[in-house]
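Side chains are part of it too, since the values below use all heavy atoms of this structure and drop only hydrogens, waters and symmetry mates. What you see is a predicted model; the values in this text were computed from it and never measured.
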Amino acid sequence: MRVILLGPPGAGKGTQVERLAKHLKVSRVSSGDLFREHTQKNTELGVLAKSYMGRGALVPDDVTIKMVMNWVNAPEQAKGFVLDGFPRTLGQATALDQALAEKGGIDKVLYIMVPREDLVVRLSGRMICRSCQTPYNIRDSQPKKEGKCDKCGGQLYQREDDKPEAVRKRLEVYTNETEPLADYYRSRGLLEEVDGNRSIEDVGQALARLVAA
Ligand code: AP5
Ligand code: MG
């Protein structure tokens with residue numbers, strides 16, 4: 001099973017991707033997490049990505065496609081996968097289609113929808129783990145120990161691009177570049193819409209039902 005989680009910044013893709021992948025017994029990847037790992041290690045790709053991410057812009061397609069396709073084409077992903085944050089341009093979607101053309105293609109695209117005003121509130125209260133990148137929220141999903149990740153004990157911090165100006169830019173980029181992908185996948189009969197404005201548990205159950213259907 002090959003699944004894409006689509007949705008605006010703050011929709012809950014990162015919150016849901018791990019449990020959905022576990023449910024499907026497949027691997028998963030978040031393109032933003034891959035870029036942040038490179039940034040932390042100060043690799044050439046990380047330095048380049050940082051210059052775009054910090055201001056809420058997309059990293060150029062050529063480097064993004066290369067990075068994610070390396071992951072998609074690895075033998076570990078043969079059983080399937082869940083993608084979070086990729087594709088988010090038409091160029092990325094067509095590159096993915098080409099890469100999977102002989103493997104059966106994408107099975108489902110789950111589109112998590114949340115009103116814009118709620119996205120802004122969520123992102124302003126988000127903290128993520130410096131080690132494993134698990135997201136928390138000062139309002140809805142606090143860690144058991146303040147400032148520490150429940151899963152790995154890592155330190156929690158606020159993403160640079162969760163500051164108000166970068167959030168505004170990310171939402172604008174999403175509307176212009178990524179939202180059109182909903183129609184792209186809808187026209188292929190792959191899109192399933194999910195109300196993301198419910199508890200984390202309820203959204204998780206809805207996603208699990210859709211991949212079972
Ligand atoms: P990326 O890391 O992918 O960020 P994003 O798409 O903007 O999405 P977010 O991670 O902000 O939101 P999310 O949907 O994962 O929400 P989360 O689960 O954390 O990308 C960052 C940057 O990297 C991009 O701007 C770009 O520069 C670059 N990049 C990445 N991929 C790229 C690509 N393909 N092409 C080009 N550039 C790329 O939840 C948000 C908050 O809400 C959390 O605090 C969480 O606890 C809370 N929450 C979650 N669910 C609920 C719920 N049901 N109710 C209440 N609160 C909830
Ligand atoms: Mg995320």
What I'd like to find out is whether the side chain of [X] reaches to under 4.5 Å of the side chain of [Y], using heavy atoms alone.
X	Y	answer
R186	E193	yes
Y157	C129	no
T43	H38	yes
P164	V167	no
S124	D162	no
K13	L110	no
V47	T39	no
D195	M113	no

If every non-hydrogen atom of [X] is compared with every non-hydrogen atom of [Y], which pair is closest and at what distance?
X	Y	result
G54	A166	O-CB, 3.8 Å
R88	L181	CA-CD1, 3.6 Å
V63	V59	CG2-CG1, 3.5 Å
L5	V82	CG-CG1, 4.0 Å
M69	A99	SD-CB, 3.7 Å
L119	P9	CD2-O, 3.3 Å

Worksheet item: Between K50 and E160, is the closest basic N to carboxylate O distance under 4.0 Å?
Response: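 K50 and E160: not salt-bridged.
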
Worksheet item: Are any of the side-chain nitrogens in R170 or E165 under 4.0 Å away from the carboxylate oxygens of its partner?
Response: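 Not counted as a salt bridge, because no side-chain N and carboxylate O are separated by less than 4.0 Å.
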
Please round to the nearest 0.5 Å and tell me the distance separating atom [atom1] of [X] and atom [atom2] of [Y].
X	Y	atom1	atom2	result
K151	Y136	NZ	OH	6.0 Å
M67	S31	CE	OG	6.0 Å
D161	R159	CG	CZ	4.0 Å
T134	D150	OG1	CG	8.5 Å
T15	D140	OG1	CG	10.0 Å
L83	L96	CG	CG	6.0 Å

Item to complete: Using atom types as modelled and distance alone, determine if a side-chain donor or acceptor of Q16 lies under 3.5 Å from a backbone N or O of I200.
Response: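 Such a contact is found between Q16 side chain and I200 backbone.
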
Could you note down all residue pairs passing salt bridge (charged side-chain N to carboxylate O under 4.0 Å, His left out) where [range] supplies at least one of them, sequence neighbours left out?
range	value
residues 28-46	E18-R28, D33-R36
residues 98-109	none
residues 52-73	none

Could you see if [X] belongs to whatever hydrophobic cluster contains [Y]? Use Ile, Leu, Val, Met, Phe, Trp, Tyr and a side-chain cutoff under 4.5 Å.
X	Y	answer
M53	F86	yes
L34	I128	no
L190	V72	yes
V194	V109	no
L100	I65	yes

Item to complete: Start with the C-alpha gap between S131 and C149, add the side-chain angles, then the distance that decides, and say whether side-chain contact (heavy atoms from CB on, under 4.5 Å) holds.
Response: CA-CA 9 Å; S131 306; C149 177; over 6 Å; no

Worksheet item: Under the side-chain hydrogen bond (donor to acceptor under 3.5 Å, both in side chains) criterion, do T89 and E177 qualify, and how do the steps go?
Response: CA-CA 5 Å; T89 65; E177 304 279 342; 5.8 Å; no

Fill in: Among K145, R130, M127, Q142, side chain to side chain contact (heavy atoms under 4.5 Å, CB included) partner for L156
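Going through the options one by one, the only one that passes is M127.
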
Worksheet entry | Within residues 179-213 or reaching into it, pairs that qualify as ring-ring contact (aromatic ring centres under 6.0 Å, His included) - sequence neighbours excluded |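 Listed by first then second residue: nothing to list.
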
Worksheet item: Checking side-chain contact (heavy atoms from CB on, under 4.5 Å) for the pair Y111/I4: CA distance, chi angles, key distance, verdict?
Response: CA-CA 8 Å; Y111 183 20; I4 293 171; over 6 Å; no

Residues 203-213, side-chain donor-acceptor partners within the protein, below 3.5 Å, at least two apart:
none

Discussion item. side-chain contact (heavy atoms from CB on, under 4.5 Å) for Q158 and R126? Distances and angles first, verdict last.
Written reply: CA-CA 7 Å; Q158 185 186 34; R126 174 168 62 184; over 6 Å; no

Worksheet item: Listed by chain and number, what are the ring pair (Phe, Tyr, Trp, His ring centres under 6.0 Å) partners of F81, not counting sequence neighbours?
Response: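 Counting only residues at least two positions away or on another chain, F81 forms a ring pair (Phe, Tyr, Trp, His ring centres under 6.0 Å) with W71.
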
Worksheet entry | Residues L6, I112; criterion side-chain contact (heavy atoms from CB on, under 4.5 Å); working and verdict | CA-CA 6 Å; L6 187 66; I112 308 179; over 6 Å; no

